[in-house]
Novice: 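I am attaching a structure below and will ask some questions about it afterwards.
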Amino acid sequence: MINYMRAEFYKAFHRKYTYGFLLVVLLCEALLVAGWAFTNANGNDVDFASGAGILCLMMGVGLYCTLLTGDMVFSDQYKFNTLKNEVSYGLPRARIYLGKLIVSCVTALVLCVIILCAYVGMCWVVLPHGTGVAETMRQIGYCILVALPVWLGAQALVLMFYFLLKSSTVAAFIFMGVIIAVPEIIKLLSALVNPIFQYVYMVLLTTPLDLAPNNFGDMGLLGLSWAVGAGWFAATTLVGLIFFRKREIS
Amino acid sequence: MAESVLVTRNLTKKYGPATVVNNVNLNIEKGQIYGLVGRNGAGKTTIIRMVTAQTVPTEGELSLFGATEPGALGKMRARTGAMVEIPSFYPYLTAKENLEYYRIQRGIPGKGCVDEVLRLVDLKKAGGKKFKTFSLGMKQRLGLALALMDRPDFLLLDEPINGLDPEGIVELRNLLLDLNRERETTILISSHILSELENLATHYGFIDNGRMLEQISAKALKEKCRACLELAVDSAPAAARALEQGLGVRDYEVLPDNIIRLYCHLDEPARVTQLLVENGVALRSIEQKGANLEDYFLSLIGGVRHD
């Protein structure tokens with residue numbers, strides 16, 4: 001398993017894609033911070049607390065980024081037919097599946113740390129430090145703690161779709177559907193059909209991220225996010241493993 | 001008795017109602033170069049794909065180096081090298097990076113093996129080029145490099161000659177013969193270019209419509225395909241007596257239906273005919289026979305089909 005993971009890291013970090021993605025995100029962050037600095041120069045008053053605090057509202061973006069971090073590792077294996085090189089050498093399919101899942105999670109975490117630290121660092125350097133810096137950092141920390149398990153759950157969901165569907169594009173579309181459309185449908189069902197759907201809404205990946213900005217420090221929400229993340233992670237990995245076990249590699 | 005490398009028992013693969021491989025029994029022993037002969041769609045690739053775990057057999061058993069259980073089979077697959085259909089690699093990595101990726105993944109110690117196999121398949125200079133820029137022939141060579149990287153005991157090659165230029169074909173043939181001779185590598189090679197197999201194989205399996213028609217050693221096949229005069233007579237014993245006494249012939253065989261195969265005096269059919277007539281043997285027909293691999297295969301499947 002260690003060799004398998006080392007190879008996946010080798011591949012992921014030998015791609016321009018990985019560095020391109022990171023560069024684009026960092027550029028976007030730099031533009032955002034530069035924009036605030038520009039407005040501050042024109043009389044506005046965006047300080048570190050407001051600038052960095054916006055991260056709490058943007059945790060949902062991390063869900064979509066799992067599509068890219070999953071793709072960095074899975075690398076269109078069905079399109080390039082490269083899985084045959086792995087299974088023909090006798091590598092167990094569970095090792096292939098779990099190896100890619102772990103590496104995509106670790107890659108996502110590494111990129112996440114770089115992206116978040118870079119943003120907070122840029123805000124720290126560029127924006128004025130008013131009051132509430134410590135409180136902002138606490139809020140960001142709390143939101144990250146809530147988001148982390150949900151992101152990992154989403155990463156497992158993405159990998160399941162990549163492994164089970166022949167086309168990565170179709171997998172991406174279905175994942176977007178699960179993240180964007182399903183919560184809205186469940187909301188409608190709970191309002192129009194039966195309030196019991198509210199319970200279903202509570203276990204969706206997006207719910208803890210929606211609730212976090214208005215419930216800083218709520219340990220119940222933190223517990224819910226870890227339970228939801230772990231549940232999605234375990235369930236999608238199990239389903240993925242079962243179906244990948246006998247999948248035709250052509 | 002030689003060690004069995006690959007044994008299949010009633011190996012069957014069905015896709016819906018279509019049976020692509022039908023009760024195939026294979027036995028490949030250590031040191032053999034086994035040529036799997038069949039037309040396109042005969043089931044050759046599917047057999048190799050089942051052996052290499054790319055697809056799961058619908059029925060039947062498969063044993064690799066004596067292992068039959070899934071876990072043990074997986075371990076034995078690490079002793080194999082395979083090139084199935086068109087070699088596939090990551091297009092955005094160079095040839096060297098691709099091989100390095102698989103070297104790490106397979107836990108092969110020492111980076112030197114990557115350069116060694118690239119040199120072996122004559123891709124040393126192209127090692128720094130991205131896979132997406134490779135021609136089909138270069139892809140084939142890289143696929144072969146991957147198959148050879150862990151010094152396999154058993155090499156499975158599916159149509160490896162496709163895309164190679166004449167020089168490449170000769171190099172591949174020599175490489176495979178060297179591996180077989182020097183490392184005792186057992187090789188399963190599928191091809192529909194039969195003339196190439198004739199230069200390599202020590203054993204053949206003829207497959208058609210998913211069924212194994214015949215397995216035969218190259219020696220036995222050569223014997224079967226030996227050039228001869230085939231005589232159809234009214235009395236085989238009388239003809240045999242005449243041939244022995246008149247021409248001193250010993251190298252012949254008597255087949256059912258009063259048919260005699262004469263393996264000498266091939267350029268003297270008139271003399272043979274005259275001798276038989278003089279000895280009162282009625283000759284129904286006389287025909288010069290002898291087949292190459294292609295003729296033999298076509299005779300097995302009942303001639304050229306146009307379906």
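Lettering of chains follows the sequences in order, A, B, ..., and the numbering in each one begins at 1.
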Novice: Within a 6.0 Å radius of atom CZ on A:Phe38, are there more than 12 heavy atoms belonging to other residues, nucleotides or ligands?
Specialist: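 Open.
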Novice: With a 4.5 angstrom heavy-atom cut-off, could you sort out which part of B:Asp150 is near chain A: side chain, backbone, both or neither?
Specialist: side chain
Novice: Please assess A:Phe80 against B:Phe131 for the test side chain to side chain contact (heavy atoms under 4.5 Å, CB included), listing each intermediate value before the final yes or no.
Specialist: CA-CA 11 Å; A:Phe80 301 139; B:Phe131 179 70; over 6 Å; no
Novice: Are more than 12 heavy atoms, taken from residues, nucleotides or ligands other than B:Lys96, located less than 6.0 Å from that residue's NZ atom?
Specialist: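 Check fails, neighbour count at 12 or below.
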Novice: Could you tell me which non-hydrogen atom of A:Ala7 sits nearest to which non-hydrogen atom of B:Ile104, and how far apart they are?
Specialist: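 Heavy atoms of A:Ala7 and B:Ile104 come nearest at N-CG2, 3.6 Å.
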Novice: Report which part of A:Tyr10 has an atom under 4.5 Å of a heavy atom belonging to chain B: side chain, backbone, both, or neither.
Specialist: side chain
Novice: Let me know if B:Arg106 has heavy atoms under 4.5 Å from chain A in its side chain, its backbone, both or neither.
Specialist: both
Novice: Where on B:Ile86 is there a heavy atom nearer than 4.5 Å to chain A: the side chain, the backbone, both, or neither?
Specialist: backbone
Novice: Is there a side-chain contact between A:Asn81 and B:Phe89 (heavy atoms, below 4.5 Å)?
Specialist: no
Novice: Answer yes or no: are there more than 12 heavy-atom neighbours, outside A:Leu27 itself, under 6.0 Å from its atom CG?
Specialist: yes
Novice: Is it the case that more than 12 heavy atoms not belonging to B:Lys111 sit under 6.0 Å from its NZ atom?
Specialist: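 Counting neighbours around NZ of B:Lys111, 12 or fewer heavy atoms of other residues, nucleotides or ligands fall under 6.0 Å, so no.
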Novice: Please report the interatomic distance CZ(B:Arg103) to CG(A:Asn3), rounded to the nearest 0.5 Å.
Specialist: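 Going from CZ on B:Arg103 over to CG on A:Asn3, the span is 9.0 Å.
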Novice: Less than 6.0 angstrom from the centroid, inside 45 degrees of the normal: does B:Arg77 satisfy that with respect to the ring of A:Tyr89?
Specialist: no
Novice: Heavy-atom distance under 4.5 Å to chain A: side chain of B:Tyr101, backbone, both or neither?
Specialist: both
Novice: Just give me the residue among B:Ala82, B:Gly143, B:Gly107 that pairs up with chain A most often, heavy atom to heavy atom, under 4.5 Å.
Specialist: B:Gly107
Novice: Is it the case that atom CE in A:Met1 sees more than 12 heavy atoms from other parts of the structure closer than 6.0 Å?
Specialist: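 Yes - once you tally the heavy atoms of other residues, nucleotides and ligands closer than 6.0 Å, there are more than 12.
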Novice: Is it the side chain or the backbone of A:Arg93 that comes within 4.5 Å of chain B heavy atoms, both, or neither?
Specialist: side chain
Novice: Could you check B:Tyr90 against A:Lys11 for side chain to side chain donor-acceptor pair (under 3.5 Å), going step by step and ending with a plain yes or no?
Specialist: CA-CA 9 Å; B:Tyr90 295 103; A:Lys11 184 181 71 187; 3.2 Å; yes
Novice: How far does OG of A:Ser88 sit from CD1 of B:Ile48, to the nearest 0.5 angstrom?
Specialist: 11.5 Å
Novice: Below 4.5 Å, heavy-atom pairs only: which of B:Pro87, B:Ala78, B:Ala53, B:Gly74 has the largest tally toward chain A?
Specialist: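 Heavy-atom pair counts peak at B:Ala78.
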Novice: Quick one: does A:Lys84's side chain have a donor or acceptor within less than 3.5 Å of a partner on B:Val84's backbone?
Specialist: yes
Novice: Check each atom of A:Leu91 against the heavy atoms of chain B and say whether the ones under 4.5 Å are side chain, backbone, both or neither.
Specialist: side chain
Novice: Would you give the length of the straight line joining atom CZ of A:Arg247 to atom CD of B:Gln54, rounded to the nearest 0.5 angstrom?
Specialist: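 It comes to 13.0 Å.
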Novice: Counting neighbours of CZ on A:Phe243 that are heavy atoms of other residues, nucleotides or ligands and sit closer than 6.0 Å, is the number greater than 12?
Specialist: no
Novice: Is there a donor-acceptor pair closer than 3.5 Å between any side-chain N or O of A:Asn85 and the backbone N or O of B:Ser88?
Specialist: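 Answer holds: yes.
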Novice: Shorter than 4.5 Å, heavy atoms on both sides: which option in A:Arg15, A:Met5, A:Glu8 has the most such pairs with chain B?
Specialist: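 Of A:Arg15, A:Met5, A:Glu8, A:Arg15 has the most heavy-atom pairs under 4.5 Å with chain B.
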Novice: What residue in B:Arg49, B:Met83, B:Arg79 has the most heavy-atom pairs under 4.5 Å with chain A?
Specialist: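 Top count of heavy-atom pairs under 4.5 Å with chain A: B:Arg49.
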Novice: For A:Tyr17, look at atom OH and say whether over 12 heavy atoms of other residues, nucleotides or ligands are found less than 6.0 Å away.
Specialist: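 Above 12, so yes.
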